[in-house]
Amino acid sequence: MSDYTWMPTEDYIENANVTRLARTNGLASLPELRARSVADVRWYWDAVVHDLGLPFREPYREVLDISHGVEYPDWFVGGRINIVDGCLQRWLTDPVSAQRTAVVHETEDGATRTLTYRELAAEVEQAAAGLRAIGVHKGDAVALYLPMIPEAVVALYAIAYLGAVVVPLFSGFAANAIASRIQDAEAEVVIVADGTVRRGKKLAMKPFLDEALKSCPAVRHVVVVDNLEQHTPLGADETAWSDLLTTGGTPGPSEALDPSDPLLLGYTSGTTGKPKGAVHTHAGFLVKTASEVAYSFDLGPGGVFCWITDMGWIMGPLSIVGTHANAGTLVLYEGSPDVPDRNRLWHLAERHEVTMLGVSPTLIRTLRTGTDSVPAEINLSSVHTVGSTGEPWDPDSYEWLARDVFGSRVPVINFSGGTEVGGSFLAPYPVEAIHSCSLGGPSLGMDVDVVDPNGQPVRGEPGELVCRQPWPSMTRGIWKDDERYLEAYWSTFPGLWRHGDYALVDDGQWYIRGRSDDVMNIAGKRLAAAEVEAAMATHPAVSEAAAIGVPDPKKGEAVWAFWVPRADCTEDVSAELVRIVADELGKPFAPSAVHQVSRLPKTRSAKILRRAIRAAVLGIDPGDLSGAENPDALDEIRAVVGDWK
């Protein structure tokens, strides 16, 4: 095990936001704060609201009500709120805050746009008025198929302003993946960019939406952002974003909402292959994300937050809301972070004086290839914290970032949670010692544990990651599928939220050891094996298929797939299956390897043994196969794969 450990200076500890929170509440240390935040979650989340000054239009009379069960908590009962108040409106009363830069956008060619808080708020009102003019009302679902551009920020707040529901979509999705999420959300309006630029190439986005909408009858209007300045011809039910901002008049006041009213649907992969729409609320998402950015990432007014992410992942909305709830500046980068070279990210941080830089292990592995140092002339002194999430680290990449790039002077805040969590379960704080690759410990207010198959706490060996008490941004359920919500999170250990991650607690430090279900983690993006298999099964030559994740030096995990041909199939269509998956789900999810086999290992109830397949590929013990109908099928997989490395 590595001996690298971040050790905070006295100055760092003294000036940290989390230190202020502890001392304001009469606590002398982070361990004391952690302990009390779990012993009394009502006290903790109320303290967060007051410490960060998060505004409720009407005060809540009760922090938490679990009279309907731990699975159905009600937070901030009796209050009224709109997330726009906490992120924008409250900063407009102070001239200094109103003129502070809220958004900076940079493209691959170096062009930039900026919006102050006052300018952003004005555009949000214009967009809200335009959306209201085309019939968007409280409770309507509006999908966003956009890259990381200012219009994505404006659109998110404008939809929230009206009390409508935001449905962010990954900008790399293909048509079928877009359609499945729009259908599930029953979105009536979609806001789409005509395209984006990546690696110097213009990539069209609207054609994917056009194809998707052929199977989405609920969509009645499309708003098109002219991001590539190509002036795309518009259809009868389409409006240009520029016209939306000028035709709506005044929107009227923003909706005063119940704290539990839905803000957004965060779609994530489930084991069945059907995407799950995690429901996040105005109050819950605001309070949790504001606390993450303030206490884990130590951002305050005037801080500059940049995370290389996408609107379709929870870090997109989290970055927006968390930054603006803390009066920070959000830097959006549109493009590939290694163009024109692997120093682009560092130049971006230098140019915009970024104080909190968010990355992924996959990105750092990519940037590290071909160079072991950052040019000395690049000044990274503004960076105060580095954030990371989505996938496990390898020590070499983690320590290259911490030691070689940042000279061991900033902490790597490696936190783990998920779309359904609305933030983190586990996170280190910059005021504590952080070992290499560690997740620190439980996030404040999060009563997490690691348990064995009987639900008993376990230390020193991997177990299931669970949470014993609710938290404000806990999903209100799976959109219109309560049975699936209970099955996914509450059925394994009654009364405990099971997240689907294996975790390890070793010497007080917490680590994630991968998924415990059939969901893969491809460069920090969750993908269900069933989604890949369903795409492959559309080929007439395929009788059945199985997909697994295997370790990959850049992505963390890569998709490998196996297929069984139908009786009349006489050719190997593996290459075609790679293309089909890319077309159905998007190129980032295309399998790295596809193998034809005569059969797949199954249980006696005909369930494919994906974990056994993965073990055969990796050359490790597949465990108990007593329930397998045909365990010898693994021999063929071993022979086909050979040495997977």
Short question: side chain of [X], backbone of [Y] - any donor-acceptor pair under 3.5 Å?
X	Y	result
T281	G284	yes
E464	R498	no
E186	A218	no
T323	I320	no
E533	A547	yes
D447	V38	no
E292	S424	yes
R80	A256	yes
N454	Q456	no
T389	F415	yes

How far does [atom1] of [X] sit from [atom2] of [Y], to the nearest 0.5 angstrom?
X	Y	atom1	atom2	result
D298	T385	CG	OG1	6.5 Å
S291	N17	OG	CG	11.5 Å
L426	L465	CG	CG	5.5 Å
L486	D481	CG	CG	9.5 Å
D40	R36	CG	CZ	6.5 Å

Those residues that, when tested against H324, pass ring-ring contact (aromatic ring centres under 6.0 Å, His included) (two or more places apart):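 Once residues adjacent in sequence are excluded, the partners of H324 under the ring-ring contact (aromatic ring centres under 6.0 Å, His included) criterion are Y117, Y157.
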
Residues forming a ring-ring contact (aromatic ring centres under 6.0 Å, His included) with F285, sequence neighbours excluded: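 For F285, the residues satisfying ring-ring contact (aromatic ring centres under 6.0 Å, His included) (neighbours in sequence not counted) are H280.
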
Salt bridge (charged side-chain N to carboxylate O under 4.0 Å, His left out) between D449 and R459, intermediate numbers included: CA-CA 10 Å; D449 201 353; R459 297 295 183 265; 3.0 Å; yes

Indicate the atoms forming the closest heavy-atom contact of [X] with [Y], along with that distance.
X	Y	answer
A590	V581	CA-CG1, 4.2 Å
S319	L330	O-CD1, 3.9 Å
C216	I182	SG-CG2, 3.8 Å

Assess the side chains of [X] and [Y]: does a donor N or O sit below 3.5 Å from an acceptor N or O?
X	Y	answer
Q183	S215	yes
N25	Y44	no
D184	Y267	yes

Pair W307 + F297: ring centers closer than 6.0 Å: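 So the answer is yes for these two rings.
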
Over 12 foreign heavy atoms within 6.0 Å of NZ, K480: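 Counting neighbours around NZ of K480, more than 12 heavy atoms of other residues, nucleotides or ligands fall under 6.0 Å, so yes.
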
E487, CD: over 12 other non-hydrogen atoms inside 6.0 angstrom: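 No - once you tally the heavy atoms of other residues, nucleotides and ligands closer than 6.0 Å, there are 12 at most.
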
All pairs passing side-chain hydrogen bond (donor to acceptor under 3.5 Å, both in side chains) where residues 167-179 contributes a residue, at least two apart: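 Only S171-D310, N176-E584 qualify under side-chain hydrogen bond (donor to acceptor under 3.5 Å, both in side chains).
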
Non-neighbouring partners of E32 that pass side chain to side chain donor-acceptor pair (under 3.5 Å), sequence neighbours left out: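 E32 satisfies side chain to side chain donor-acceptor pair (under 3.5 Å) with no residue once adjacent residues are dropped.
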
With S388 via side chain to side chain donor-acceptor pair (under 3.5 Å) - residues at least two apart: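 Here the qualifying residues are W393.
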
Lys/Arg N to Asp/Glu carboxylate O, R42 vs D65, below 4.0 Å: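 Between D65 and R42 there is no salt bridge, as every charged N stays at least 4.0 Å from the carboxylate O atoms.
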
Lys/Arg-Asp/Glu bridge criterion (N-O < 4.0 Å) met for D482, R476: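 No, D482 and R476 are not salt-bridged.
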
Quickly, which of [options] forms a side chain to side chain contact (heavy atoms under 4.5 Å, CB included) with [X]? Name it, please.
X	options	answer
I159	V136, L144, D140, V165	L144
M446	R34, K288, Q469, M474	K288
C467	V448, V70, L496	V448

Parallel, tilted or perpendicular, as decided by the 30° and 60° cut-offs, for the rings of W313 and F173: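 Rings of F173 and W313: perpendicular, as their planes differ by over 60°.
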
Residue pair V77, R61: steps toward the side chain to side chain contact (heavy atoms under 4.5 Å, CB included) verdict: CA-CA 6 Å; V77 179; R61 63 176 182 271; 3.7 Å; yes

Contact list for residues 454-483, test ring-ring contact (aromatic ring centres under 6.0 Å, His included), sequence neighbours left out: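 Residue pairs passing ring-ring contact (aromatic ring centres under 6.0 Å, His included), neighbours aside: F425-W471, W471-W497.
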
